[in-house]
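What follows is a short report on a single structure.
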Protein chains: 2
Amino acid sequence: MINKNSPVPIYHQLEEYIKQQIETGILREEAVIPSEREFAEVFQISRMTVRQAINNLVLEGYLTRQKGKGTFVSKKKVEQELQGMTSFTEDMLSRGMNPSSTLLSFQIIPADKNTALDLKIEDNDSVYKIKRIRLADGAPMALETAYIPVEIVPGLTEENSNLSLYQYIEQHLSLSISEATQEIEASIADSDDAETLEINIGDPILLIQRISYLQDGIPFELVKSTFRADRYRFVHTMKR
Amino acid sequence: MINKNSPVPIYHQLEEYIKQQIETGILREEAVIPSEREFAEVFQISRMTVRQAINNLVLEGYLTRQKGKGTFVSKKKVEQELQGMTSFTEDMLSRGMNPSSTLLSFQIIPADKNTALDLKIEDNDSVYKIKRIRLADGAPMALETAYIPVEIVPGLTEENSNLSLYQYIEQHLSLSISEATQEIEASIADSDDAETLEINIGDPILLIQRISYLQDGIPFELVKSTFRADRYRFVHTMKR
DNA sequence: GTGGAATAGTTGTCTATACCAGTTATATAT
DNA sequence: ATATATAACTGGTATAGACAACTATTCCAC
């Protein structure tokens, strides 16, 4: 499970290992995880390295420590993610609705000037352009257009683009998403919007543009969404 | 400066020391701080201990590291606050605009059912109801109505209500604001909105409702704002 | 039973050291 | 002067070991 010769740092390998154990349910909510010395012994690594992995998971909210007792799996990652970057799917699930989507188009195109600027790439660099209608409980909720640099996420196809992009990036490319910016504005539907969202021209709509960044501040996704204002309201919690 | 016999951990002492250097301006924004090895040498402590202190300050946003170059003082605690709870005034200032406001009314009224629910008080408990027009560079930007429980912030008057409520609460009542939730939706202007915001009926508007909480999760302010969509766009950064 | 000591487990703090991987200044060769 | 190695810095990762602080249990004396 741990490869000492991998260029991936050991502590990061251990993080992923423990995360996986949590997500697959092998380590359950509220349960104690093995002690630091035990991890060190089992994987033949130093306790300080184990601590580095566990520290990060504590900071990310996966675990909590209790001096003298042990380290425990936190309950509900969901609530923490809610305070920030939720995908449409997660967002709808958290509202008790059933999300689905219809793929309208999947293209690889050269980036225009504005898209290139937002994604910090050169003009005409290749990007995926993926258009979807997002549905909640079967009814149209939003029209979404995503732009993703091909260079960063190669091998995206019409088939696998339906899976969670975030999971793909974190697990297969072992990159992690650190930050996102959103811009939200109000507008009114034009004829195109009205048709796809099944509303009337002049009805209010919510435009949301999100840019998601990797650890190093590299943008990897630009999503422009048009929501039906009568069905969707953006909810958001800030801490500190 | 560092006391090895103190019950306070060394890394924490060092954190406070560095923080102080930053806050007193001895270490300036963007400047390099001494290297880890230098701290270790000067204070005769281990480099790992220095790293523990610096790690924490990095996580708290005081410092940023750059491999091969050094560790730098982050600029502006303000910007971090911007990622979250900004008042209209701060928001506009950060956009390079000149904010002002016109008080429309200042009342103490019994809370209606919904307001009471949001503020977690009883129906008919007294609340301040403060209506303002918010201007940016002299032009109407938003219509704002704030509801504040009298019990939590007694002594608010038409005069001092113009000052920063947040500062007042943090400094005079020594309470601290920990969290806020926002709900954002799109709508279209009715005749009232159109008149106060100097736009046309049917123009798009952005409705923002914010509830701010004290440390203990006690709501102390409910603000409902109506923004001109042609002039205002909600911008928001999420981390992690 | 109650209190206290001993014990074995946990995380927390700290040291000393080593090597790796970027960055920058400096010396050297051309 | 201009390249180009090289050395000397930086933070990043990892080791091994030590003691402190805290928790839980067990056992024993009272």
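Below, read A as the first sequence line, B as the second, and so on, with proteins coming before strands; counting in each chain starts at 1. We use all heavy atoms of the structure for the numbers below, so side chains are in, but hydrogens, waters and symmetry mates are not.
- Going from atom CD1 of I10(B) over to atom P of dG12(C) covers 17 Å, rounded to whole Å.
- Relative to the side chain of E38(B), the nucleotides dT10(D), dT11(C), dC19(C) differ in distance, and dT10(D) lies closest.
- Residue K4(A) contributes atom NZ, which lies 5 Å from atom P of dT15(D) at whole-angstrom precision.
- Other residues, nucleotides and ligands contribute more than 12 heavy atoms inside 6.0 Å of the CD atom of E183(B).
- In this structure, E41(B) atom CD and dT15(C) atom P are separated by 13 Å, rounded to whole Å.
- Comparing G68(A) and T49(A) against DNA chain D, the residue whose closest nucleotide sits nearer the 5' end is T49(A).
- dA16(C) atom P lies 8 Å from atom CD of Q44(B), rounded to whole Å.
- Residue I54(B) is out of contact with every strand shown, counting any heavy-atom pair closer than 4.0 Å.
- Distances from the side chain of K67(B) to the nucleotides dG22(C), dT11(C), dT15(D) place dG22(C) closest.
- The side chain of M48(A) lies closest to dA16(D), out of dA14(D), dG22(C), dA16(D).
- The distance from atom CG of N5(A) to atom P of dA14(D) is 12 Å, rounded to the nearest whole Å.
- Summarising the geometry, the separation between CZ on R65(A) and P on dT11(C) is reported as 7 Å, rounded to the nearest angstrom.
- Between K69(A) and S6(A), the residue anchored nearer the 5' end of DNA chain D, judged by the nucleotide with its closest heavy atom, is S6(A).
- Side-chain contact between F227(A) and F88(A): present, with at least one pair of heavy atoms (C-beta onward) separated by less than 4.5 Å.
- A donor and an acceptor atom sit less than 3.5 Å apart, one in the side chain of R37(B) and one in the base of dG11(D).
- No donor-acceptor pair closer than 3.5 Å links the side chain of Y62(A) to the backbone N or O of I18(A).
- Taking every heavy atom of both residues into account, R28(A) and V73(A) meet most closely at O-CB, 3.3 Å.
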